[in-house]
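What you see below is based on every heavy atom in this structure, not just the backbone, and it leaves out hydrogens, waters and symmetry mates.
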Amino acid sequence: MCGIVGLFLKDPALEPQLGALLADMLVTMTDRGPDSAGLAIYGPPIPGLSKITVQSAQALADFPALEQRLAEVSGGSARVAVKSSHAVITVASDRLAATRDALKGLSSDLRVMGAGESVEIYKEVGLPKDVVQRFGIAGMSGTHGIGHTRMATESAVTTMGAHPFSTGADQCLVHNGSLSNHNNLRRSLARDGMVFETQNDSEVAAAYLTTAMARGRDLGAALAGALEDLDGFFTFVVGTKSGFGVLRDPIACKPAIMAETDRYVAFGSEYRALVGLPGIETARVWEPEPATVYFWDQRQAA
């Protein structure tokens, strides 16, 4: 049993409130998963710049000199913003891959949470209220975001085992459920070049979608393919640079509720996660259908 939330904004006037709204939604789901928690926040991209969110168990040792240590490989473009055990490294987009590769050799404690033009990912072991406070989530703005609070069943309670899982640029996934064919899929995806950080089945689902989109599918088509290729019980909420998707398996035994107004689309594992949203009393509220792809895109939201 885990708790999932998601919020996709149609109204730019709400963007300064994204972090605060998502934080409140996630904290409401605490009793569905007290082991660890995490959020992905998407903001408008800055032309020519990309971001890498990293985590370190030895932040006081790893972060102070990080900007200097990345100066050469980043062409002097690296800027580091530290938030507790995480840091967001902003670099020139044409130096993103080289900078990410260089991080592997700087410290064995550095772990990449996610990278891309828009996404920042923060996750840690602990209660949602502690995680959102630790990283100042309530003060963050953005266009859309997803969050997860975990009750571990498939793998260890660690930072890397927390959700969201990101396996591609500006892509991430949160999951409530359990996949039965993740080991076979992991081997297949690894042969295609995908690198896995954990034994978590949810990371396999994220990698499946990343691979499908790398082959030319949009998020909606990738989710549709998951219905054919993923076995088990699942509710997925997925983010991309401009998109937000929801999918439940054909049996749909994991709880899910959605709400839509002319200002936003929201997802929660339970309705109580949505009650604090503006205008929720007049929103269209529904339970997403089994085996049905729901997909929104910022480029089509206006």
Original post:
Should I257 and M29 be counted in the same cluster of Ile, Leu, Val, Met, Phe, Trp and Tyr side chains packed under 4.5 Å apart?
Top reply: yes
Original post:
Are L110 and V125 joined in one hydrophobic group, where the rule is that I, L, V, M, F, W and Y side chains link up if heavy atoms are under 4.5 Å apart?
Top reply: no
**OP:** Specify whether Y122 and F135 have parallel, tilted or perpendicular ring planes, treating 30° as the upper limit for parallel and 60° as the lower limit for perpendicular.
**Re:** tilted
**OP:** Run the salt-bridge test on R284 and D262 with the 4.0 Å N-O cut-off and return the result as yes or no.
**Re:** no
Original post:
Looking only at heavy atoms, which two atoms of A102 and V73 are closest? And how far apart?
Top reply: CB-CG1, 3.9 Å
Original post:
Is I46 linked to L96 within one hydrophobic cluster, defined over Ile, Leu, Val, Met, Phe, Trp and Tyr using a side-chain heavy-atom separation of less than 4.5 Å?
Top reply: no
**OP:** Measure the CG-OG distance between D231 and S178 for me, rounded to the nearest 0.5 Å.
**Re:** 11.0 Å
**OP:** Mind listing the closest non-hydrogen atom pair of G268 and L274 along with its distance?
**Re:** N-CD2, 3.9 Å
**OP:** Grab the two heavy atoms, one from T143 and one from Q298, that are nearest each other, plus how far apart they are.
**Re:** O-NE2, 3.3 Å
Original post:
When you check the side-chain N and O atoms of S166 and Q171, is any donor under 3.5 Å from an acceptor?
Top reply: no
**OP:** Report yes or no: does H86 contribute a side-chain atom to a donor-acceptor pair with the main-chain N or O of K123 at less than 3.5 Å?
**Re:** yes
**OP:** State, yes or no, whether a side-chain contact exists between P255 and R32 at a heavy-atom distance under 4.5 Å.
**Re:** yes
Subject >> Non-hydrogen atoms of P164 and G38 that approach each other most closely >> reply: CD-C, 3.7 Å
**OP:** Take the angle between the ring planes of H163 and F165 and call it parallel below 30°, perpendicular above 60°, tilted in between.
**Re:** perpendicular
Original post:
Are V132 and L18 joined in one hydrophobic group, where the rule is that I, L, V, M, F, W and Y side chains link up if heavy atoms are under 4.5 Å apart?
Top reply: yes
Original post:
Roughly how far, to the nearest 0.5 Å, is CD of Q55 from CD1 of I121?
Top reply: 12.5 Å
**OP:** Before accepting this row, confirm whether a basic side-chain N of the pair R272/D31 lies closer than 4.0 Å to the acidic partner's carboxylate O.
**Re:** yes
**OP:** Indicate yes or no for a side-chain donor-acceptor contact from N181 to the backbone of D229 under 3.5 Å, with no hydrogens or angles considered.
**Re:** yes
Original post:
Are any of the side-chain heavy atoms of L179 and F233 separated by less than 4.5 Å?
Top reply: no
Subject >> D297-S242 side chain donor-acceptor pair, cut-off 3.5 Å >> reply: yes
**OP:** Check the side chains of E117 and S50 for a donor-acceptor pair under 3.5 angstrom, ignoring hydrogens and angles.
**Re:** no
Original post:
Just checking, any donor-acceptor pair under 3.5 angstrom between side chains of S84 and R134?
Top reply: yes
**OP:** State whether a side-chain donor-acceptor pair under 3.5 Å links S107 with D62.
**Re:** yes
Original post:
Do the side chain of K129 and the main chain of V27 share a donor and acceptor less than 3.5 angstrom apart?
Top reply: no
**OP:** Considering non-hydrogen atoms only, spot the tightest contact between V54 and L103 and give its length.
**Re:** CG1-CD1, 3.8 Å
Subject >> Worked check of side-chain hydrogen bond (donor to acceptor under 3.5 Å, both in side chains) between S141 and E15 >> reply: CA-CA 5 Å; S141 62; E15 291 179 12; over 6 Å; no
Original post:
Pick from T211, T167, N184, V195: which one makes a side-chain contact (heavy atoms from CB on, under 4.5 Å) with L189?
Top reply: T211
Original post:
Is there side-chain contact between D201 and H175, with heavy atoms separated by less than 4.5 Å?
Top reply: yes
Original post:
If you group Ile, Leu, Val, Met, Phe, Trp and Tyr by side-chain heavy-atom gaps below 4.5 Å, do V82 and V112 land in one group?
Top reply: yes
Original post:
For V157, does its backbone N or O pair with a side-chain atom of D35 as donor and acceptor, under 3.5 Å?
Top reply: no
Original post:
Is there a donor-acceptor pair closer than 3.5 Å between any side-chain N or O of S118 and the backbone N or O of G43?
Top reply: yes
Original post:
Just wondering, do L22 and I41 contact through their side chains at under 4.5 Å, heavy atoms?
Top reply: yes
**OP:** Could you list all the ring pair (Phe, Tyr, Trp, His ring centres under 6.0 Å) pairs where at least one residue sits in residues 41-72, not counting sequence neighbours?
**Re:** Y42-H144
Original post:
Could you state the interatomic distance from CZ (R111) to OG (S56), rounded to the nearest 0.5 Å?
Top reply: 8.5 Å
Original post:
To the nearest 0.5 Å, how far apart are CG in L26 and CD1 in I146?
Top reply: 11.0 Å
Original post:
Sub-3.5 Å donor-acceptor pair from the side chain of E67 to the main-chain atoms of V80, do we have one?
Top reply: yes
**OP:** Would you check if the side chain of R248 reaches a backbone N or O of K254 as a donor-acceptor pair within less than 3.5 Å?
**Re:** yes
Original post:
Would a 4.5 Å heavy-atom cut-off, applied to side chains only, mark L247 and L227 as touching?
Top reply: yes
Original post:
Are side-chain N/O atoms of E120 and T53 paired as donor and acceptor at under 3.5 Å?
Top reply: no
Original post:
Does NZ or CZ of R186 come closer than 6.0 Å to the centre of the six-membered ring of F196, within 45° of the ring's axis?
Top reply: yes
Subject >> Euclidean distance, L66 CG relative to I89 CD1, rounded to 0.5 Å >> reply: 4.5 Å
Original post:
Would one find more than 12 heavy atoms of other residues, nucleotides or ligands at under 6.0 Å from atom CD of E281?
Top reply: yes
**OP:** Start with the C-alpha gap between S77 and V91, add the side-chain angles, then the distance that decides, and say whether side-chain contact (heavy atoms from CB on, under 4.5 Å) holds.
**Re:** CA-CA 5 Å; S77 67; V91 298; 3.8 Å; yes
Original post:
Does the side chain of L230 reach to within under 4.5 Å of the side chain of S180, using non-hydrogen atoms?
Top reply: no
**OP:** Would you mind checking if E72 and R95 are paired as a salt bridge, meaning a charged N to carboxylate O distance below 4.0 Å?
**Re:** no
Original post:
From N183 CG over to L185 CG, what is the distance, rounded to the nearest 0.5 angstrom?
Top reply: 9.0 Å
Original post:
Going through the distances and angles, do T99 and I52 end up as a side-chain contact (heavy atoms from CB on, under 4.5 Å)?
Top reply: CA-CA 9 Å; T99 302; I52 308 170; 3.9 Å; yes
**OP:** Please assess V246 against F236 for the test side-chain contact (heavy atoms from CB on, under 4.5 Å), listing each intermediate value before the final yes or no.
**Re:** CA-CA 6 Å; V246 173; F236 297 141; over 6 Å; no
Original post:
Hey, mind stepping through L21 and L277 against side-chain contact (heavy atoms from CB on, under 4.5 Å) and telling me if it holds?
Top reply: CA-CA 7 Å; L21 293 170; L277 293 173; 4.1 Å; yes
Subject >> Non-hydrogen side-chain atoms of Y264 and L7 separated by less than 4.5 Å >> reply: yes
Original post:
Would you say Q133 has more than 12 foreign heavy atoms packed within less than 6.0 Å of its CD?
Top reply: no
Subject >> Electrostatic pair R263:D11 at N-O distance under 4.0 angstrom >> reply: yes
Original post:
If you take all heavy atoms of M213 and T240, which pair is closest and at what distance?
Top reply: SD-CG2, 4.1 Å
**OP:** Evaluate the side-chain proximity of F267 to V5: yes if any heavy-atom separation is below 4.5 Å, no if none is.
**Re:** no
